[in-house]
Structures are given as C-alpha cells and as structure tokens.
Number of protein chains: 2
Amino acid sequence: MLDRGDHREGVRRLADTRQRLVDGAFETIRRHGVAGVSARTIAGVAGANQALIFYHFGSVDALLVEACRATAAQRVGHYRDELAAVTDFSALLDLGRRLHAEERELGNVTVLAQLLAGAQGNPRLAEAVNAALGLWTAEIEQVLARLLRGSPLSDLVDPAGLARAVSAGFVGLELYEAADLEGAEAGMAALEQLGVLLEVVDELGPLARRALAARIKRR
Amino acid sequence: MLDRGDHREGVRRLADTRQRLVDGAFETIRRHGVAGVSARTIAGVAGANQALIFYHFGSVDALLVEACRATAAQRVGHYRDELAAVTDFSALLDLGRRLHAEERELGNVTVLAQLLAGAQGNPRLAEAVNAALGLWTAEIEQVLARLLRGSPLSDLVDPAGLARAVSAGFVGLELYEAADLEGAEAGMAALEQLGVLLEVVDELGPLARRALAARIKRR
DNA sequence: GTCTATAGCTGGATAGAC
DNA sequence: GTCTATCCAGCTATAGAC
C-alpha cells in the first residue's frame, strides 16, 4: 500500500514514526483519558504498528513520559519571552487569560491533568509530570515574585505557592469540565475575579494601601 | 477457615458484603488510583469474591458510582450544620481548614480527584461525580452568598463560581501531591493566603472600603 | 448470597521474517 | 525500522454448584 522503505530524503510521506507515536500518545490521552490508553489504541491513532512503541520507547509508560516532557518543554518555551515582558498584574492577567485559552484549545491542560491522575502509584510517570509542571510553575513564580516586590501583598502572598495554586486550579477545573461544563466555566471566571482583586489591591492609593498593610500585618 | 454461612444476628463477623465492597472500592482507588482498579483488586481489598461485585452491582463502574455517591452524601451531611453556623470569613476559613484536613486524611479528596479523571469519556461515572461535587459546591456556595451580602466584594465575586474554583483547587492540589508533595503544600498555603486576603478586605474600615469599592466598580 | 470455574477478550511485550 | 505472529497475564462477565 504505502511506499514504505523509500529512503529518498525529499519524500517525507509522513513524519518519522517516533514523532507520530509521541503525537498519537498525546492525542489518545486527550480524547479518551489515561484510562483509554494502551499500546494498541495509541498505535491506531498514530497509524503505526503496535510493536514499534516497544522498539522506540521500551514501554507504553516511557512513551507517555516522553510525550509529557516534549509538550511541556515546547509550550513553556513558547511563552517565556512574553512572560518576561510583563510588568504589572493587569498585563499578567491578560497574558494568563490568553495563555490558558490557547493551552486549553490545544488540549495541553486536559492531558496534563490526566497524566497527573495516572501518576498516582506510578513513580516514573509522577517524576515526568512533576518535571513538566515544574517548568510551568518556575516561569510563573518568577513573574509573580517580580510583581510582588513593593506591593502591599508581598507580606501575604508567597509567589511559589501562588504559582502552584494557580496551576492546580487550572488542572482541577479542566477535570471538572468533563463532569460539569457550566460549573467549570463559572469556576474559571471566579479565578479571574480573584486575579482582578489582586490587581485592584495592588493598585490601591497610599491611604487604603496603608490600612490594608496594617490589617495584613496584624494576622 | 471462616465460619461462613453463620446467620445468627449477633455474630457480624464482618459487615455485610455489599458494604465491604463499597469500602473496598474506595480504598482501592485511594491507594492505587483509578488505573489500579479492577473487579479483582477491589475484591482482594474487600476480602470478598470477585464475582460478588457483579452480583451486587452489575458492573465495576456501577460499584464506583455507588462508592462516589455514598461517600459524598455522608461527608457533606457531616458538615452541614457547621457550615450553616458560619457568620464571617474568618470562621469560614477556620472551618475550611479543618474540613479540608479531615477530608484529606480520610482520602476523600484523592478519590474524588481520581474519579474525576476517570470520568473523562465515561458518561455514567461523569454523572455520578458531577452529583457528588454538586453536593459540596451547593453547600459552600450557600455560605459564600450569605457572607458576601453587604461586603465590598459582592460586586466582584460570584459565590457559585468561587465555590467551584475552591473545590477545583483542592482537587487539583491533591493530584499535584502525588507528583510533588512540597509544591502542593506551598500551593495549599497560597490558597489560604487568598482566603485571608478576602477576609482582610472584607473587614476593612469604611474609608479603605470605599476606595476599594470604587476601584472595583471602575473595572 | 457466596463460591468455583471458565469463556472470551484485551493488554504488554517479544521473536523473528523482511 | 517495520511488520506478523504469538505468548501469557489480567480483565469482565456469566454459569452453575452449594
């Protein structure tokens, strides 16, 4: 059927198999969740032979790990410059909105959530997902730390923790979406409202600012 | 070995099988995640025969649905009175801390997160998890709505959305925990800090309060 | 209601031809 | 590198003895 074995460099009938398997793994998780993943289903989506997963990666788990790693590295890199250019909470919220919409659209959040769930009792996968999430949170944390310097919020909010809470919120809401779409959307909106609150508080006038700082200190 | 078949009412060597299967299902998810769940693993944990799952519930899925339903109903009922007695954000935060600690300890959050992940592409399970989460969010939403009346935050924060965002945050962080314990704890702390921020803002003096309300209106 | 046994299937993984 | 064929483990679900 296909002209397999053709090795002229210009042909590229399909991307090389290894890559197609990685993409297929991602797509399979996105569509059916980790529960629906197997060597056979992935191979089916990738249009490749099941045995090739073991030839190229050694095991199905190892393929999932690679899919996780590759996606995170690529996507985080895609936003690095934009995140570095952010100078206030308002801009961060705007970027956050866009970033989340883009990643959701691509299915990256769903896949991350599913991998995270699958990592329960699977140390190899857990390590990979941890690394992937670490790439995201490190970037966000850096921006938050920069913005919080000199803010009345700096005594209250821990950048590292907030970065993880926001990531976890996205992940949790994405899972929620499969069970209750409208509820998840309302939750998403609330997350934005909290962002607006941070922004508003951060931009308070000197008087209100001092009152707030005093209140925070007292706790 | 065991004196099976003994039907004297006082014996109760073990709780009735149906209940042990529900508990076993819960425990299996908690320990190994949805990925590790099967009729055999559940039966093993429950100390029962695998075939009894199909006799009592018809399918493994149906057993998971029942475990989800039973746990949620029981636990939400457990907090209803306390939630109804809450009259300010400070008390809500205190209760929230305790509630979350208790539920985490019991494994209820982990199980919910795992079921949520498994609900992807499993409509029957999705419906059950949706109902379970609905019980929680309905209670939280009610308290939030009550507390927000008259607060400068009422124009900004939607109780229904916030209830879902908080639930999703807990769920997401619980998943996170399997991959990165310290990170998840930092995230949890940040969630509390946001709670404190709500509390502080809510209790602001009239002057700062007015400044804040004006800022919020402007957006 | 509970057990054993088993049918029938899907899954991970490997051997070996090409 | 890719394909076919296959082994074997584990799974759902049912039949039937007790």
Side-chain angles (χ1 to χ4, degrees), chain A residues 1-9 11-25 28-29 31-67 114 118 121-125, chain B residues 1-9 11-25 28-29 31-67 114 118 121-125:
Chain A
M1 318 165 163
L2 294 182
D3 52 355
R4 62 180 171 210
D6 192 328
H7 55 296
R8 283 180 300 139
E9 75 285 38
V11 172
R12 281 190 319 103
R13 280 229 10 77
L14 289 166
D16 78 291
T17 303
R18 205 191 136 86
Q19 186 57 48
R20 260 168 43 232
L21 285 172
V22 173
D23 296 344
T28 307
I29 299 174
R31 293 216 284 254
H32 311 297
V34 255
V37 162
S38 77
R40 284 166 160 82
T41 56
I42 293 175
V45 171
N49 189 291
Q50 171 259 145
L52 291 176
I53 288 174
F54 303 95
Y55 174 76
H56 284 288
F57 300 94
S59 72
V60 174
D61 265 15
L63 169 54
L64 298 187
V65 165
E66 173 57 20
Q114 286 291 322
N122 185 337
R124 291 243 300 283
L125 194 52
Chain B
M1 317 165 164
L2 294 180
D3 51 356
R4 63 177 172 211
D6 192 328
H7 55 294
R8 284 178 301 138
E9 75 285 38
V11 174
R12 279 190 318 106
R13 284 237 353 89
L14 290 167
D16 77 292
T17 303
R18 206 192 134 85
Q19 185 58 47
R20 258 169 44 234
L21 285 173
V22 172
D23 296 343
T28 307
I29 299 174
R31 293 216 285 254
H32 310 296
V34 256
V37 162
S38 76
R40 282 166 158 79
T41 55
I42 293 174
V45 171
N49 188 290
Q50 171 260 146
L52 291 175
I53 288 174
F54 302 96
Y55 174 77
H56 284 290
F57 300 94
S59 72
V60 175
D61 265 16
L63 169 54
L64 297 187
V65 165
E66 174 57 21
Q114 286 291 322
N122 185 337
R124 291 243 300 283
L125 194 52

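When reading the values below, keep in mind they use all heavy atoms of this one structure, side chains included, and skip hydrogens, waters and symmetry mates. Order of the sequence lines sets the chain letters (A, B, ...), proteins ahead of strands, with each chain counted from 1.
- Of all heavy-atom pairs spanning A:Ala43 and A:Asn49, the tightest one is CB-C, 4.0 Å.
- Residues A:Arg20 and A:Ala46 approach most closely at NE-O, 3.2 Å, considering heavy atoms.
- Atom CD1 of B:Ile42 is separated from atom P of D:dC11 by 11 Å (rounded to the nearest Å).
- For B:Ala51, whose side chain is taken as the heavy atoms from C-beta onward, the closest listed nucleotide among D:dG1, D:dT14, C:dT14 is D:dT14.
- As rounded to whole Å, 16 Å separates atom P of C:dG1 from atom CD1 of B:Ile53.
- Between B:Ile42 and B:Leu64, the shortest heavy-atom distance links the atoms CD1-CD2, 4.4 Å.
- Although no hydrogens or angles enter the test, the distance criterion places a donor-acceptor pair under 3.5 Å between the side chain of B:Gln114 and the main chain of B:Val34.
- Look at CG on B:Asp61: it is 15 Å from P on D:dC11, rounded to the nearest Å.
- Listed nucleotides: D:dT2, C:dC3, C:dG1. Nearest to the side chain of A:His56: D:dT2.
- If you measure from atom CG of B:Leu52 to atom P of C:dT2, you get 6 Å, rounded to the nearest angstrom.
- Whole-Å rounding puts the A:Phe57 CZ to D:dT2 C1' distance at 15 Å.
- Note: CG (A:Asn49) to P (C:dA15) measures 16 Å, nearest angstrom.
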Would you list the protein and nucleotides 8-12 of chain C atom pairs, both N or O, that sit under 3.5 Å from each other?
residue: C:dG12; atom: OP1; partner: A:Ala39; partner atom: N; Å: 3.3
residue: C:dG12; atom: OP2; partner: A:Ala39; partner atom: N; Å: 2.7
residue: C:dG12; atom: N7; partner: A:Arg40; partner atom: NH1; Å: 2.9
residue: C:dG12; atom: O6; partner: A:Arg40; partner atom: NH2; Å: 3.3

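- Following rounding to the nearest Å, A:Leu21 (CG) and D:dC3 (P) show an atom-to-atom distance of 10 Å.
- Between the side chain of A:Arg124 and the main chain of A:Val65, no donor-acceptor pair closer than 3.5 Å is present.
- The backbone N or O of A:Val37 sits nowhere less than 3.5 Å from a side-chain atom of A:Thr41 that would complete a donor-acceptor pair.
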